[in-house]
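As a basis for the values below, the full set of heavy atoms in this structure was taken, side chains included, without hydrogen atoms, waters or symmetry mates. Just so it is clear: chains get the letters A, B, ... in the order the sequence lines come, proteins before strands, and each one is counted from 1.
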Amino acid sequence: MASTLLKKAIFSNPATVRKTLGIFCNATRNHWNYQYMPGPYPKTLEEREAAAKKYGMTIEEYQPYPESMGYGDYPKLPEIGEDSKDPHYPYDNPELKRNFNEPIHARMEIFGGDRYDPSMKRRFSLAHQWLWFFGVVGGSFALFFFLEDYKVGRPVTAKQYPWAGPHYLFEAK
Amino acid sequence: MGQMLGSYDARKVGLYMDDQPTFDPQAGFNYQRKSREMVAREADLISAKIPPKHRDYCAHYLLEYQSCRYKNMPLIYKCAHEKHAFLTCEKDDYELRMKEFERERRLRLREKRLVGAY
């Protein structure tokens with residue numbers, strides 16, 4: 001590839017080479033380039049059709065995010081965590097349970113197998129979790145406020161310093 | 001009584017750890033109490049960089065102990081006697097505070113008894 005690029009750069013099309021190199025540099029160093037950016041929010045039916053076609057979906061499937069979210073024409077995909085996908089399906093990319101050219105969810109970072117799955121089966125119900133949380137924290141606070149009135153300590157008066165004197169011994173002069 | 005419950009009973013008269021005595025130091029004694037003497041000079045303590053919280057009535061022992069350590073630095077076991085003297089003084093100081101606490105507690109109880117509130 002390097003020789004082809006070099007040939008292109010020297011002989012035919014230096015501008016394209018610069019652009020291609022820019023994209024490679026961006027993708028490897030910054031993990032983003034302007035070509036990743038979605039198009040503007042589709043307002044008319046034709047724009048919607050065009051956007052659906054761009055993302056390889058039918059017009060019925062295609063549903064953009066609300067315009068205020070700023071995702072442009074990026075489609076709203078179902079929120080399926082990696083753990084909820086069929087582990088026995090022959091994926092093109094079995095590590096991520098993903099097929100080639102399958103559209104990526106706009107918030108795919110959170111739906112990884114090591115992160116979050118919205119349809120996860122909870123080990124304990126939310127009510128159970130809140131009950132334990134407030135039981136422990138509230139119980140600690142209750143104990144704290146109850147014991148405010150039962151302060152104990154060592155049976156000594158304040159330490160005696162010469163500047164706070166005079167102080168006396170328990171013996172005759 | 002010992003450690004934790006030591007001041008528990010004293011809360012009946014509103015007395016807690018590290019409170020200041022409120023009665024006249026001579027009250028109830030048929031002799032003049034001896035006052036405590038500060039032996040170390042403030043200037044020496046400042047010069048030796050003894051922190052203010054250690055500038056109590058035992059500071060001269062501490063001063064001696066620290067200067068001994070300074071003189072024999074790697075062989076600080078030679079300062080065992082100075083250290084012992086200092087810690088004994090601190091122990092006596094603590095004992096005095098315990099006595100003051102007990103005196104304060106009994107005086108408060110007595111006052112309550114005289115007033116008839118207890």
Side-chain angles (χ1 to χ4, degrees), chain A residues 29-30 81-83 109-173, chain B residues 1-12 14-42 45 51-60 90-107:
Chain A
R29 289 184 188 163
N30 309 327
E82 206 182 293
D83 282 348
E109 322 83 61
I110 198 70
F111 296 122
D114 55 341
R115 298 198 178 166
Y116 176 59
D117 181 4
S119 49
M120 170 185 69
K121 184 176 169 287
R122 286 178 204 284
R123 186 173 169 195
F124 300 108
S125 72
L126 265 185
H128 186 150
Q129 292 180 30
W130 282 118
L131 185 76
W132 271 99
F133 176 73
F134 284 114
V136 172
V137 174
S140 306
F141 269 97
L143 207 59
F144 172 76
F145 287 117
F146 173 71
L147 291 175
E148 273 290 277
D149 196 31
Y150 293 92
K151 290 261 168 85
V152 288
R154 285 169 283 121
V156 286
T157 48
K159 192 164 170 63
Q160 298 176 356
Y161 286 102
W163 48 262
H167 296 110
Y168 297 91
L169 298 167
F170 282 88
E171 45 193 81
K173 212 180 250 181
Chain B
M1 247 213 295
Q3 284 75 35
M4 231 207 31
L5 290 176
S7 68
Y8 183 78
D9 205 36
R11 65 188 278 278
K12 287 179 191 164
L15 184 62
Y16 296 94
M17 179 180 163
D18 285 345
D19 278 358
Q20 293 286 352
T22 51
F23 290 92
D24 174 28
Q26 290 296 339
F29 287 92
N30 53 9
Y31 54 83
Q32 274 302 107
R33 287 172 77 186
K34 201 190 206 172
S35 68
R36 300 187 77 181
E37 296 297 332
M38 180 63 177
V39 181
R41 286 187 304 144
E42 183 79 10
L45 296 178
K53 72 170 183 177
H54 289 134
R55 292 181 197 168
D56 55 3
Y57 288 101
C58 296
H60 53 293
E90 285 290 339
K91 188 268 288 173
D92 289 342
D93 182 76
Y94 193 84
E95 217 166 69
L96 192 76
R97 286 164 66 198
M98 287 176 78
K99 284 180 184 171
E100 286 284 358
F101 186 92
E102 182 61 17
R103 173 170 179 268
E104 179 72 21
R105 190 181 73 84
R106 290 188 191 188
L107 282 175

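Considering CE of B/Met17 and NZ of A/Lys151, their distance stands at 12.0 Å, rounded to 0.5 Å. Atom CD of B/Gln26 and atom OH of A/Tyr168 lie 6.0 Å apart (nearest 0.5 Å).
Atom CZ of A/Arg115 sits in a sparse spot, with 12 or fewer heavy atoms from other residues, nucleotides or ligands closer than 6.0 Å. For B/Lys34, the NZ atom is loosely surrounded, since the number of other residues' heavy atoms within 6.0 Å does not exceed 12. For A/Phe141, the CZ atom sits in a loose shell: 12 or fewer heavy atoms of surrounding residues, nucleotides or ligands are nearer than 6.0 Å.
The nearest pair of heavy atoms linking B/Ser7 to A/Gly153 is OG-N, 2.7 Å.
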Using a 3.5 Å cut-off and no angle test, enumerate the donor-acceptor pairs between side-chain atoms of residues 143-150 of chain A and protein atoms at least two apart in sequence or in another chain.
none

Name every donor-acceptor pair, under 3.5 Å, that has one atom in a side chain of residues 94-104 of chain B and the other anywhere in the protein, sequence neighbours excluded.
{"from": "B/Tyr94", "atom 1": "OH", "to": "A/Arg154", "atom 2": "NH1", "distance (Å)": "3.0"}
{"from": "B/Arg97", "atom 1": "NE", "to": "A/Thr157", "atom 2": "O", "distance (Å)": "2.9"}
{"from": "B/Arg97", "atom 1": "NH2", "to": "A/Thr157", "atom 2": "O", "distance (Å)": "3.2"}
{"from": "B/Arg97", "atom 1": "NH2", "to": "B/Asp18", "atom 2": "OD1", "distance (Å)": "3.2"}
{"from": "B/Glu100", "atom 1": "OE2", "to": "B/Arg33", "atom 2": "NH2", "distance (Å)": "2.9"}
{"from": "B/Glu102", "atom 1": "OE1", "to": "B/Arg105", "atom 2": "NE", "distance (Å)": "3.4"}
{"from": "B/Glu102", "atom 1": "OE2", "to": "B/Arg105", "atom 2": "NH2", "distance (Å)": "3.0"}
{"from": "B/Glu102", "atom 1": "OE2", "to": "B/Arg106", "atom 2": "NE", "distance (Å)": "2.8"}
{"from": "B/Glu102", "atom 1": "OE2", "to": "B/Arg106", "atom 2": "NH2", "distance (Å)": "3.3"}
{"from": "B/Arg103", "atom 1": "NH2", "to": "B/Asp24", "atom 2": "O", "distance (Å)": "2.9"}
{"from": "B/Arg103", "atom 1": "NH2", "to": "B/Pro25", "atom 2": "O", "distance (Å)": "3.3"}
{"from": "B/Arg103", "atom 1": "NH2", "to": "B/Ala27", "atom 2": "O", "distance (Å)": "3.1"}
{"from": "B/Glu104", "atom 1": "OE1", "to": "B/Thr22", "atom 2": "N", "distance (Å)": "3.1"}
{"from": "B/Glu104", "atom 1": "OE2", "to": "B/Thr22", "atom 2": "N", "distance (Å)": "3.4"}
{"from": "B/Glu104", "atom 1": "OE2", "to": "B/Thr22", "atom 2": "OG1", "distance (Å)": "2.4"}
{"from": "B/Glu104", "atom 1": "OE2", "to": "B/Arg108", "atom 2": "NE", "distance (Å)": "2.9"}
{"from": "B/Glu104", "atom 1": "OE2", "to": "B/Arg108", "atom 2": "NH2", "distance (Å)": "3.2"}

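Using a 4.5 Å cut-off between heavy atoms, B/Asp93 touches chain A through its side chain atoms alone. At a 4.5 Å heavy-atom cutoff, the contact between B/Asp56 and chain A is made by backbone and side-chain atoms alike.
Heavy-atom pairs under 4.5 Å with chain A were tallied for B/Arg36, B/Gln20, B/Glu42, B/Arg55; the largest tally goes to B/Arg36.
B/Lys53 places a side-chain heavy atom less than 4.5 Å from the side chain of A/Tyr161.
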